[in-house]
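Throughout, protein chains are lettered first and strands after them, A, B, ... in sequence-line order, and every chain is numbered starting at 1.
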Protein chains: 2
Amino acid sequence: MKTGSLDTTFAALADPTRRAILARLALGEASVMELAEPFAMTQPAISKHLKVLERAGLISRSREAQRRPCRLEASPLAEANLWLEKYRQFWEAQFARLDSLLEEIQASSPNLEPDQG
Amino acid sequence: MKTGSLDTTFAALADPTRRAILARLALGEASVMELAEPFAMTQPAISKHLKVLERAGLISRSREAQRRPCRLEASPLAEANLWLEKYRQFWEAQFARLDSLLEEIQASSPNLEPDQG
DNA sequence: GCGTTCTATAACCTACAGGGAATTTACGTC
DNA sequence: GACGTAAATTCCCTGTAGGTTATAGAACGC
């Protein structure tokens with residue numbers, strides 16, 4: 001049922017409306033109307049976004065009278081996180097290089113000495 | 001220059017070819033031809049993918065004779081990772097719930113006792 | 001200068017994504 | 001059963017993504 005592939009997960013996360021919906025759902029369950037309220041967008045558009053999130057396994061829906069409350073399903077995010085973690089060494093190395101570069105710049109700029117200001 | 005927005009980062013990561021290119025670049029710099037070689041795809045198609053990755057700030061390119069070696073730029077991945085981390089508590093909670101469910105199931109299935117096999 | 005190699009660009013096609021308007025379905029209430 | 005509300009579905013439009021082929025541009029060897 002839940003696709004769970006990185007393709008659909010990342011594609012679902014690429015839209016700001018959908019990320020905002022997930023952020024809202026992190027605060028708790030919500031109906032479609034409640035989710036649609038903050039957006040300058042019609043209800044069918046939100047329903048489409050929810051369908052994308054559901055097919056990506058990022059949300060699940062239950063019934064409760066006419067409402068169709070949505071709940072956050074975070075496991076595809078875990079999968080995405082796992083993929084990203086493989087590259088952690090690279091960004092940490094690049095940030096470290098940037099740090100030492102900034103240190104060099106500071107060390108070689110006398111106009112930043114305390115007695116100058 | 002580097003967009004760095006989550007929109008473009010996640011969109012770039014949503015394509016398996018592009019993720020494979022990043023994985024290749026994690027092993028070191030590579031030219032367009034080298035990157036294209038593993039794929040059943042023409043060179044212009046790869047160039048397009050590289051343009052997407054470049055606009056997302058995920059790679060950078062230099063000149064070296066006719067070659068245009070690509071290098072991995074991981075900082076957008078750090079940004080994406082930061083966004084995902086906000087949801088860590090959710091997937092960990094859900095996995096914990098799954099774990100305890102599995103424990104319950106095992107506890108109540110006598111046909112999995114050692115003297116059974 | 002000339003051909004060769006590597007890469008980028010242009011033009012084109014097909015499929016799909018994101019949005020709106022209108023309608024339909026599902027459920028609860030009176 | 002009629003009505004009202006919540007959500008999904010349908011149809012339409014526009015833009016863009018991903019692929020192709022063909023062409024152009026940049027850098028080297030001769």
Here the distance between atom C1' of C:dA8 and atom CD of B:E54, to the nearest Å, is 11 Å
- Task: Determine: side-chain N/O of A:K51 to OP1/OP2 of D:dT9, distance under 4.0 Å, yes or no.
- Result: yes
Closest of C:dG20, C:dA8, D:dA7 to the B:V32 side chain is C:dA8
In whole angstroms, the gap separating P of D:dG18 from CZ of A:F10 amounts to 15 Å
When rounded to the nearest 0.5 Å, the distance separating CG of B:L58 from OH of A:Y87 is 10.0 Å
Ranking D:dG18, C:dT7, C:dG18 by distance to the side chain of A:V52, first place goes to C:dG18
Measure the acute angle between the ring planes of A:F10 and B:F10, then classify it against the limits of 30° and 60° as parallel, tilted or perpendicular. parallel
d(B:D15 CG, B:K48 NZ) to nearest 0.5 Å is 12.5 Å
Ranking D:dA7, C:dG20, C:dG18 by distance to the side chain of A:A45, first place goes to C:dG20
Rounded to whole Å, the CD-P distance (A:E29 to D:dA7) equals 12 Å
Among D:dT20, C:dG20, D:dA8, the one nearest any side-chain atom of B:M41 is D:dT20
A:L13 CG to C:dA17 P, in whole Å, measures 15 Å
Main-chain N/O of B:R61 paired to B:E29 side chain as donor or acceptor, under 3.5 Å: no
Check: So, the side chain of B:R19 versus the backbone of B:L13: is there a donor-acceptor pair under 3.5 Å, distance only?
Finding: yes
Whichever of B:E34 and B:K48 has the more 5' nearest nucleotide on DNA chain C, that residue is B:E34
Practice item. Scan A:T17 against the nucleic acid and name what it touches under 4.0 Å (heavy atoms): base, sugar-phosphate only, or nothing. Key: nothing
Of the listed D:dT21, D:dA6, D:dA8, the closest approach to the A:P44 side chain comes from D:dA8
note: B:I59, atom CD1; C:dT7, atom P; distance rounded to Å ~ 12 Å
- Are B:E85 and B:R88 close enough for a salt bridge, meaning some N to O gap below 4.0 Å? yes
In whole angstroms, the gap separating P of C:dT9 from CZ of B:R55 amounts to 12 Å
Main-chain N/O of B:A12 paired with B:R18 side-chain donor or acceptor, under 3.5 Å: yes
| request: May I ask you to evaluate whether A:H49 reaches the phosphate of C:dG19, defined as a side-chain N or O under 4.0 Å from OP1 or OP2? | output: yes
B:S47 side chain N/O closer than 4.0 Å to the phosphate oxygens (OP1, OP2) of C:dT7?
no
In whole angstroms, the gap separating P of D:dG18 from CZ of B:F39 amounts to 13 Å
Rounded to whole Å, the CG-C1' distance (B:L35 to C:dT7) equals 12 Å
Does any part of the side chain of B:L22, heavy atoms only, come nearer than 4.5 Å to the side chain of A:F90, both counted from C-beta?
no
Contact check, residues 61-69 of chain A vs DNA chain D, heavy-atom distance under 4.0 Å, returns A:R61, A:Q66, A:R67, A:R68
Check your understanding: Are any of B:T42's side-chain N or O atoms less than 4.0 Å away from OP1 or OP2 of D:dT20?
Key -> yes
- Message: Can you say whether a donor on the side chain of A:Q43 sits under 3.5 Å from an acceptor on the base of D:dA8, or the other way round?
- Response: yes
